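Only a predicted model underlies this, so the values are computations on that prediction, with no experimental measurement involved. Each ligand, and each atom within it, is numbered from 1 in the order the structure gives.
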Amino acid sequence: MNIKHHPTDETLLAYASGTLSQAMELVIATHMTLCPHCRDKVAEFEACGGAMLNGSDSLAMNVDALDHVMAMIEQEIANENAAPLPVTAPRRVAVTAGPSGSAVPSLPTPLANLLPDNILSLEDIPWRSLAPGVKHFPLKSVQTKGTVRLLKIAPGISIPDHGHGGHEMTLLLKGSYIDDVGRFCAGDVADLADDIDHQPIADTAEDCICLIATDAPLKFNGILPKLLQPFIGM
Ligand SMILES: [Zn+2]
């Protein structure tokens, strides 16, 4: 699998330390089944976290705590001789290596664990219509302040131009899309901060299927999407 877009280091560090929302954690865990690069990075962060926990009886939590932790992590990464220590960070979603290929051939384990037992592939998803050319399947078992859903976008269909009230994370599972940020194919992650506006368009002849998590409702820029937003629930 030729993955070109990965989550940011900040996101992977938050994943390793167990501070991501469950919705975001699901997207990262699913991406990691496909991406050895991010698996290695998270293992490195977790080893650093373990080393820090073992090396201090307590960490005073004050306003400098984050800077302090980041500085310690950078120092640990710089030290090539640091021996990996047992992982102590919480792990709520199982991660296993997935098969490689140009598309996600089967349901990655973290995602499959949240779907009904009779869904064995993306073809089995009981899609619900959201808007013309756009279908979705919300994952209700994830407790989160934002949303997480599977989204299926028909070829040539564009999701209305929108910004984000918070973090938006999208993992491509099938097909591809192109937006202001770049072109995203199966396995790629779009890790978008709240200040990025974009308008993704499914740009090949096949359906684009992605797993998308948001920490806050999207902010659509056009008047029609704004009017429709309460009804489509994004
Ligand atoms: Zn990656």
Side-chain angles (χ1 to χ4, degrees), residues 1-50 70 73-74 76-78 80 84 87 89-114 122 139 142 144 146 148-151 153 164 166-196 198 200 202-204 208-215:
M1 182 161 286
N2 185 19
I3 296 176
K4 292 196 174 77
H5 299 276
H6 303 271
T8 65
D9 282 356
E10 288 74 18
T11 297
L12 292 177
L13 180 58
Y15 175 85
S17 54
T19 57
L20 276 186
S21 70
Q22 202 180 357
M24 296 289 169
E25 193 175 67
L26 170 66
V27 176
I28 297 300
T30 305
H31 172 71
M32 283 169 57
T33 65
L34 309 165
C35 182
H37 170 79
C38 287
R39 280 203 300 275
D40 289 349
K41 256 193 176 170
V42 166
E44 202 170 60
F45 286 146
E46 287 174 338
C48 290
M70 290 303 292
I73 285 173
E74 280 164 16
E76 286 287 344
I77 290 173
E80 291 181 356
V87 170
R91 251 306 166 49
R92 291 185 288 277
V93 186
V95 174
T96 54
S100 61
S102 60
V104 177
S106 59
L107 287 176
T109 306
L111 175 59
N113 287 345
L114 288 176
L122 292 173
L139 298 168
V142 173
T144 174
V148 61
R149 71 183 74 219
L150 287 160
L151 205 60
I153 308 164
H164 311 108
H167 201 173
E168 178 186 282
M169 188 114 57
T170 304
L171 168 65
L172 266 283
L173 296 170
K174 181 171 182 266
S176 61
Y177 77 69
I178 192 160
D179 69 5
D180 315 58
V181 180
R183 183 155 193 266
F184 292 80
C185 301
D188 282 336
V189 163
D191 186 356
L192 299 180
D194 52 6
D195 57 349
I196 293 178
H198 71 147
D203 72 334
T204 61
C208 172
I209 296 179
C210 52
L211 177 66
I212 176 166
T214 55
D215 274 348

- [ ] Would you give the length of the straight line joining atom CG of Leu20 to atom CG of Leu26, rounded to the nearest 0.5 angstrom?
- [x]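 CG of Leu26 is found 11.0 Å from CG of Leu20.
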TODO: State, without any angle test, whether Thr8 and Thr11 hold a side-chain donor-acceptor pair at a distance under 3.5 Å.
DONE: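 Thr11 and Thr8 do have a side-chain donor-acceptor pair below 3.5 Å.
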TODO: Just say parallel, tilted or perpendicular for the rings of His6 and His37, cut-offs at 30° and 60°.
DONE: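 Aromatic pair His6/His37 classed tilted.
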Task: Residues forming a salt bridge (charged side-chain N to carboxylate O under 4.0 Å, His left out) with Asp9, sequence neighbours excluded - done: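 Asp9 satisfies salt bridge (charged side-chain N to carboxylate O under 4.0 Å, His left out) with Lys41 only.
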Task: For Cys210, side-chain contact (heavy atoms from CB on, under 4.5 Å) partners two or more places apart - done: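 For Cys210, the residues satisfying side-chain contact (heavy atoms from CB on, under 4.5 Å) (neighbours in sequence not counted) are Leu151, Thr170, Leu172.
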Task: Partner set under side-chain contact (heavy atoms from CB on, under 4.5 Å) for Ala213, not counting sequence neighbours - done: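 Applying side-chain contact (heavy atoms from CB on, under 4.5 Å) to Ala213 gives Ala23, Met24, Val27, Val148.
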TODO: Return the set of protein N, O or S atoms whose distance to the Zn ion (ligand 1) is under 2.8 Å, each given as residue and atom.
DONE: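 You should have found His6 ND1, His31 NE2, Cys35 SG, Cys38 SG.
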